[in-house]
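One structure is given here, and the rest of the page talks about it.
Chain identifiers are assigned alphabetically (A, B, ...) following the order of the sequence lines, protein sequences preceding nucleic acid strands; residue numbering begins at 1 within each chain.
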2 protein chains.
Amino acid sequence: MGEGAQFEQVRPVRLYQRIVEQIEGALAQGELKPGERLPSERELVTQFGASRSTVREALRVLESNGVVRSRPGDPNGPEILPFSTQGLTKQITRLTQVDEVGLGELISFRMILDGSANMLAARLRTQDELASMEATIEVMRETIDLGYEEFSEADVAFHDAIARVSRNSLIQVCNQVVRGVVLSLISDKISRSRNSKALMRQSLHHHEEVLEAIRAGDGPAAARISRRNLYDYYAGYLPKGEREPLLALLLDVKPVV
Amino acid sequence: MGEGAQFEQVRPVRLYQRIVEQIEGALAQGELKPGERLPSERELVTQFGASRSTVREALRVLESNGVVRSRPGDPNGPEILPFSTQGLTKQITRLTQVDEVGLGELISFRMILDGSANMLAARLRTQDELASMEATIEVMRETIDLGYEEFSEADVAFHDAIARVSRNSLIQVCNQVVRGVVLSLISDKISRSRNSKALMRQSLHHHEEVLEAIRAGDGPAAARISRRNLYDYYAGYLPKGEREPLLALLLDVKPVV
DNA sequence: TGAAGGTGACTGGTCTGACCAGTGGACTTT
DNA sequence: AAAGTCCACTGGTCAGACCAGTCACCTTCA
């Protein structure tokens, strides 16, 4: 357990880092809020007492971390962005590129997170929350005829509801991030036809199954069902030899026979 | 499900981004490997045909993502770093600062990941792997008298073994990252005495329990035990009112009575 | 011959000042 | 009041300069 590092690395601190720290600090302290604007680069130069090169290096770092966005010609200065998962996604994507992590691991990660979120939801839901979840799935039923975009929106709303009910947004954030990475990895193998109405119906059905388990307050069932759904959906993209770890997850809770 | 975004954002691509992409691409293609060196900034200026400011902005971004490291006076040029979890940690930390994620969520996240890793290990282990895991825990037993540093090292080795056996390094990476963030959040509340021998023994005992379940091939037990251990260890840092979601996780698999 | 010391060609970090192509608000014109 | 014009200001990029370090080489000395 426990680190134990008594001493910090004492590598030279560069000016641009100080600037980054100050701005990130102001954000952490709530002195800056998303939507607000930073002063212009030239104004920051005078405020920080550093050169424009230095200020710009700081802004580039913040920008690459998804904290701010500069746009040329914008007279209001760099914009402070709301939190986004962009940075997380970039890191996870990098993991896959360094070959530390493969598709199979991403999928089983999703099975674990999604299953856990649904299990928590089943255990922690209140009556009110159950009602609101049923409302979002009702929206899904209605949008299924309106087209993929609308359906997808309703789908996201459902998962947001799960996140709230499971009392753990971190799970949901990671889940969404990994989902995005998985989709980008298999995007070339996905045929256009996947957006067909039949598949939307299948997806809806899966969600209904999960919600049924949540309604019943049956955590293990909610976890098992959502994992199986994910497996059915994604395992096809995986070489047969690499599916064993995923199958091991499906045994997590004994299926009801 | 699925995105559906047909059109990409078409915001102006800045020069430094092109440079970042080229270098990251070369890394993804394996043309550059950790430990190797990039040409010096002035050399990159000629290779990319951009100004030094632009090249430097690119390097700062890469540096902030943990890809390279520049050191003044180093005649070999910027160093390409091996993959590290630094970037991931930064992102998760930011999540906690934006108040999207609290300590309770981090802890339950760990309970989920650690539990799942151990469950997978119990299900997927081979005889050889079991032997090597027992070897690492034997090392822990021996180092317990040598002091905290050595013990901690052996502890890491044990978890590395779990990661290998569970066939999922992503779980382990996230687990370690979140563990680091949790420790930094509660670091001020941790008394020095926590590194006492008694606590090392307790930790060792917890590991032995988990390994016992893995040896028996009992996935649910491995998950349940490791979750309970984490709960015992961390729940004290959480206000009583926020422990309910964690307790919900302990019910995941029925305890053996 | 071998070790100590000095030197200079590099490195990255920082600054200055300049130019460009856009943007958007203020101002003028209709 | 609506339409069009203009200009101050934005960020993006560049060239060139200086500094403080580092390290390899080379000289010098024992």
Side-chain angles (χ1 to χ4, degrees), chain A residues 8-24 26-27 32 34-82 84 86, chain B residues 8-24 26-27 32 34-81 86:
Chain A
E8 299 252 333
Q9 281 283 2
V10 58
R11 84 176 61 268
V13 178
R14 279 158 288 180
L15 285 187
Y16 84 88
Q17 283 184 338
R18 301 284 193 84
I19 298 180
V20 169
E21 285 164 15
Q22 280 201 45
I23 294 181
E24 280 186 338
L27 218 121
L32 286 173
E36 296 183 23
R37 301 307 188 100
L38 249 36
S40 75
E41 292 183 0
R42 289 170 175 84
E43 172 62 24
L44 289 172
V45 165
T46 75
Q47 288 196 25
F48 284 113
S51 74
R52 190 143 94 100
S53 336
T54 304
V55 168
R56 276 181 64 81
E57 288 183 15
L59 286 176
R60 290 298 81 73
V61 168
L62 290 170
E63 193 157 353
S64 110
N65 286 356
V67 180
V68 306
R69 179 182 50 193
S70 294
R71 274 178 322 177
D74 187 337
N76 297 319
E79 180 182 2
I80 297 182
L81 299 176
S84 97
Q86 170 207 332
Chain B
E8 300 251 335
Q9 282 282 2
V10 57
R11 83 178 61 268
V13 178
R14 279 159 286 181
L15 285 187
Y16 85 88
Q17 283 185 338
R18 299 285 193 84
I19 298 181
V20 168
E21 284 165 16
Q22 281 200 46
I23 293 181
E24 280 186 338
L27 219 122
L32 286 173
E36 295 182 23
R37 301 307 189 101
L38 248 37
S40 74
E41 292 182 0
R42 289 171 175 83
E43 171 63 24
L44 289 172
V45 164
T46 75
Q47 288 196 25
F48 284 113
S51 74
R52 190 141 97 97
S53 334
T54 304
V55 168
R56 278 180 64 81
E57 288 182 16
L59 287 176
R60 289 299 80 74
V61 168
L62 290 170
E63 193 158 352
S64 108
N65 286 356
V67 180
V68 305
R69 178 181 50 194
S70 294
R71 274 178 322 176
D74 187 338
N76 298 319
E79 180 182 2
I80 297 182
L81 299 176
Q86 170 208 329

By side-chain contact (heavy atoms from CB on, under 4.5 Å) - contacts of B:R18 (at least two apart): B:V13, B:E21
Side chain to side chain donor-acceptor pair (under 3.5 Å) involving A:E79 - partner list, sequence neighbours excluded: A:R69
Sugar-phosphate only, base, or nothing, as touched by A:R60 at under 4.0 Å among non-hydrogen atoms: sugar-phosphate
Distance in angstrom units between A:F48 CZ and C:dT14 P, rounded: 14 Å
Under the side chain to side chain donor-acceptor pair (under 3.5 Å) test, residues paired with A:E24 that sit two or more places apart: none
Nearest-angstrom distance from the residue atom CD of A:E41 to C1' of C:dG17: 15 Å
Phosphate contact (D:dG11 OP1 or OP2) by A:R69 side-chain N/O below 4.0 Å: no
Length of the CG-P vector between A:L44 and D:dG12, whole Å: 13 Å
Pairwise distance CG(A:L38) to CD1(A:I23) - rounded to 0.5 angstrom: 4.5 Å
Nucleotide-resolved protein contact map, nucleotides 14-22 of chain D, B/S/- at heavy-atom distance under 4.0 Å: B--BB--BS
Relative orientation of the end axes in the helix from C:dT1-D:dA30 to C:dT30-D:dA1, expressed as an angle to the nearest 10° (five pairs per end): 10°
Distance test, side-chain N/O of A:R71 to OP1/OP2 of D:dG11, below 4.0 Å: no
Any residue meeting side chain to side chain donor-acceptor pair (under 3.5 Å) with A:R37, in chain and number order, not counting sequence neighbours: A:D74
Spacing of B:N76 atom CG relative to D:dA24 atom C1', expressed in whole Å: 11 Å
A:R37 CZ - C:dT23 P separation (whole Å): 15 Å
Distance in angstrom units between A:R14 CZ and C:dC15 C1', rounded: 17 Å
side-chain contact (heavy atoms from CB on, under 4.5 Å) partners of A:S84, counting only residues at least two apart: A:Q86
Interatomic distance where CG belongs to B:L38 and P belongs to C:dT11 [whole Å]: 13 Å
Listed partners of B:L15 passing side-chain contact (heavy atoms from CB on, under 4.5 Å), at least two apart: B:T54
Atom pair distance, as rounded to whole Å: CD in A:Q17 and P in C:dG13: 9 Å
Side chain to side chain donor-acceptor pair (under 3.5 Å) partners for B:Q47, two or more places apart: B:E43
Atom pair CG/CD of A:L81 and A:E63 - distance to nearest 0.5 Å: 8.0 Å
